[in-house]
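Right, one structure below, let's go through it.
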Amino acid sequence: MDARRIAGRGQGSLPWQTCVATMLGAERVSIREQRWTSMDESVREILARERAGGEVIVRGWLRTVRHSKQVSFLEVTDGSCFDGLQVVCSEACEGFEEVVRQLSTGCAVEARGELVDSPGKGQRFEVDGTRVVLVGGVGDDYPLQKKRHSFEFLRTIAHLRPRTNTIGAVLRVRDVASMAIHEFFHEHGFVQLHAPIITLSDAEGAGEMFRVSTLEPGHDPRDENGNPSFADDFFGAPTYLSVSGQLEAEIGALALSRVYTFGPTFRAENSNTSRHLAEFWMVEPEVAFCDLQGLADLAEDFLKSVFAKVLERCADDLAFFDKRIDDTVLSSMAHVIEAPFERIDYSEAVKILEASGRDFEFPVHWGVDLQSEHERYLTEEHFQKPLIVTDYPKGIKAFYMYSNDDQKTVGAMDVLVPRIGEIIGGSQREHREDVLTARLAEQELEPERYWWYLDLRRHGSVPHAGFGLGFERLIQFMTGMGNIRDVVPFPRVPGNAEF
RNA sequence: UCCCCGGUAGCUCAGCUGGUAGAGCAGGCGGCUGUUAACCGCCGGGUCGUAGGUUCAAGUCCUACCCGGGGAGCCA
């Protein structure tokens with residue numbers, strides 16, 4: 001072990017640097033030589049200690065500062081957990097007059113002191129500050145104040161909004177949910193498949209796509225006959241950002257049995273709603289030797305497992321959402337975890353809606369797709385719990401879905417949850433070559449473009465099924481956040497790709 | 001893309017039937033208190049989204065456009 005490693009705890013392998021702090025009055029002061037490391041004890045770890053005692057070092061940003069005549073209270077957050085750590089400084093603290101008394105919300109600091117039991121209310125521990133160093137000051141136009149901001153405003157300062165209570169909590173929930181998803185699949189023998197992001201076709205017909213091209217703007221590719229040509233383009237063919245990894249996941253499932261994708265997905269739709277993004281993350285498991293009921297079981301187990309883990313690991317963050325954003329967050333999550341999901345088929349759903357006596361904007365009858373208002377009635381009012389609707393009319397669903405024996409419906413399923421509506425959409429896939437070919441013809445799709453998809457049905461084809469989960473919609477449901485733009489760190493929507 | 005609502009100080013908003021702008025918070029200064037979105041006093045701060053139009057007079061009325069929000073469609 002070399003000398004640097006012996007020098008102190010948590011001091012990893014980064015080089016020495018000189019730290020220069022900018023004082024609030026723009027006076028620049030070289031404070032000391034200091035080593036920055038990546039593995040210091042976090043606020044979360046400090047707050048999780050069994051008991052007070054011993055010196056701690058806290059590095060983070062000031063959520064708020066309260067100055068009294070002889071004492072200053074600094075609330076330092078480092079993003080590791082919802083709560084900050086209160087540092088209490090009096091004249092005995094090194095840097096009290098020059099640093100502490102000048103501090104304001106948003107400053108980056110390093111504070112040292114003894115971890116003690118807090119005599120005040122609102123926190124278990126606090127730090128009896130012995131030394132505070134300003135690492136980075138803020139201008140007097142620092143936009144984050146210790147008051148409530150509108151989410152619309154925060155979106156205009158997406159470079160700073162992760163420092164707020166709400167967005168910080170959202171990002172932690174995102175992280176934990178993401179890990180919980182990977183854990184669930186790995187506990188159940190799934191292999192993660194990295195589906196391509198650049199694809200040739202809109203195989204699913206899932207709407208407008210983003211073109212990917214290296215051709216110069218204004219270049220209008222034509223062959224000698226004046227027909228469109230992409231011979232000069234990078235891939236020699238028109239290419240797009242993926243709208244789904246499903247078709248590739250099917251390839252994986254028909255070799256590895258259980259696979260899932262978890263990656264970015266792109267839609268160039270001009271959608272302007274609180275539930276749509278141009279770039280979002282989608283989870284798509286695909287399972288061989290599985291039918292629609294097996295898929296519904298998987299979807300329910302999956303959601304229950306992920307929700308339980310997030311509830312356990314993000315208790316503070318979720319308590320905050322329940323208190324300040326939506327007071328049904330905790331009860332909704334508990335409900336998802338505990339209650340068996342209701343399962344009905346499409347025909348029953350239509351009967352319930354017809355018998356509801358409701359005056360829907362879009363009238364319901366067998367054969368039409370369910371609208372948002374119908375889905376919400378079913379899950380929020382009629383059943384008041386998550387609901388899986390199966391076996392939709394074939395006329396409103398995609399070509400690749402399994403044709404049922406009744407010749408009228410396909411093996412599709414949607415998982416509906418209160419507040420959000422459709423959170424999961426999936427189906428058993430059509431694995432019979434002749435039926436699939438007929439379905440392509442019915443929908444006037446060119447079989448040549450799906451040659452490899454059809455070829456899969458010629459060689460060792462088996463019943464298989466899969467679903468897609470919009471990751472941001474899952475986070476919306478967990479946090480109660482009303483706008484999907486506030487559950488993704490850098491939202492991409494029509495007309496806005498800043499940050 | 002369609003329907004509805006909105007755009008006033010750094011932020012959150014008020015400004016009635018037209019008479020050239022206010023509050024709270026933030027910021028600066030001072031005071032005070034083991035504080036918890038601390039509190040009290042004083043001060044600075046706005047070409048009222050943009051461009052036209054009506055009028056003696058427009059933040060206020062009209063038109064167009066831009067931006068934002070809610071809902072719908074599309075979907076995840």
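Numbers restart at 1 for each chain; the letters A, B, ... are given by sequence-line order, proteins then strands. Only heavy atoms go into these numbers, but all of them, side chains included; no hydrogens, no water, no symmetry mates.
Look at A/E472 and A/R174 and you find a salt bridge, because one of the NZ, NE, NH1 or NH2 atoms lies within 4.0 Å of a carboxylate O, short of that distance. Checked for salt-bridge contact, A/R439 and A/E430 miss the test: no charged N lies under 4.0 Å from a carboxylate O.
For B/rA51, the paired nucleotide is B/rU63, the pair qualifying as Watson-Crick or G-U wobble because both relevant distances are below 3.5 Å. Pairing of B/rC39, defined by two Watson-Crick or G-U wobble distances under 3.5 Å, is identified with B/rG31. Across all strands shown, B/rU20 has no partner, as no Watson-Crick or G-U wobble contact with both distances under 3.5 Å is found. Within the shown strands, B/rU1 is the pairing partner of B/rA72 under the Watson-Crick or G-U definition, both distances less than 3.5 Å. B/rG46: no Watson-Crick or G-U partner with both key distances under 3.5 Å is found in any strand.
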Using the 3.5 Å cut-off, write out each protein N or O paired with an N or O of nucleotides 1-5 of chain B and the distance between them.
from, atom 1, to, atom 2, distance (Å)
B/rU1, OP1, A/N270, ND2, 2.5
B/rU1, O4, A/N270, O, 3.3
B/rU1, O4, A/N272, N, 3.3

Which protein N or O atoms sit under 3.5 Å from an N or O of nucleotides 7-9 of chain B?
none

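Residues that satisfy the salt bridge (charged side-chain N to carboxylate O under 4.0 Å, His left out) test with A/E152, not counting sequence neighbours, are absent from this structure. Partners of A/R211 by salt bridge (charged side-chain N to carboxylate O under 4.0 Å, His left out), not counting sequence neighbours, listed by chain and number: A/D233. Qualifying side-chain hydrogen bond (donor to acceptor under 3.5 Å, both in side chains) partners for A/E248, counting only residues two or more places apart in sequence or in other chains: none. Residues that satisfy the salt bridge (charged side-chain N to carboxylate O under 4.0 Å, His left out) test with A/E300, not counting sequence neighbours, are A/K304, A/R343. With sequence neighbours excluded, the residues that form a salt bridge (charged side-chain N to carboxylate O under 4.0 Å, His left out) with A/R419 are A/D326.
The side chain of A/F362 lies closest to B/rA72 when the candidates are B/rG68, B/rA72, B/rC74. Taking only side-chain atoms of A/H276, from C-beta outward, the nucleotide of B/rG68, B/rC75, B/rG70 with the closest atom is B/rC75.
For A/S68 and A/R66, the side-chain atoms include no donor-acceptor pair closer than 3.5 Å. A donor-acceptor pair shorter than 3.5 Å cannot be found between the side chains of A/E269 and A/H276.
At a threshold of 4.0 angstrom between heavy atoms, the contacts of A/S72 with the nucleic acid are absent. Nucleic acid contact class of A/R148 (heavy atoms, under 4.0 Å, all strands): base.
The environment of CD in A/E97 is crowded: more than 12 heavy-atom neighbours from other residues, nucleotides or ligands sit within 6.0 Å.
Checked by distance alone, A/H149 brings no side-chain donor or acceptor within 3.5 Å of a matching partner on the base of B/rC11.
Pairs of residues two or more places apart, or lying in two chains, that qualify as ring-ring contact (aromatic ring centres under 6.0 Å, His included) and include a residue from residues 468-487 of chain A are A/F262-A/F471, A/F307-A/F477. The salt bridge (charged side-chain N to carboxylate O under 4.0 Å, His left out) contacts involving residues 479-499 of chain A comprise A/R155-A/D486, A/R161-A/D486, where partners must be two or more places apart or lie in separate chains. The salt bridge (charged side-chain N to carboxylate O under 4.0 Å, His left out) contacts involving residues 363-372 of chain A comprise nothing, where partners must be two or more places apart or lie in separate chains.
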### Task
Using a 4.0 Å cut-off on protein heavy atoms (strictly under), produce a 5'-to-3' string for nucleotides 24-36 of chain B with B for base contact, S for backbone-only sugar-phosphate contact, and - for none.
BBSS----SBBBB

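Here A/F302 and A/H188 keep their ring centres 6.0 angstrom or further from each other.
Only A/Q371, A/S372, listed by number, bring a heavy atom of residues 368-378 of chain A to less than 4.0 angstrom from any atom of RNA chain B.
Contact check, A/R275 against B/rA72: a side-chain N or O comes under 4.0 Å of OP1 or OP2.
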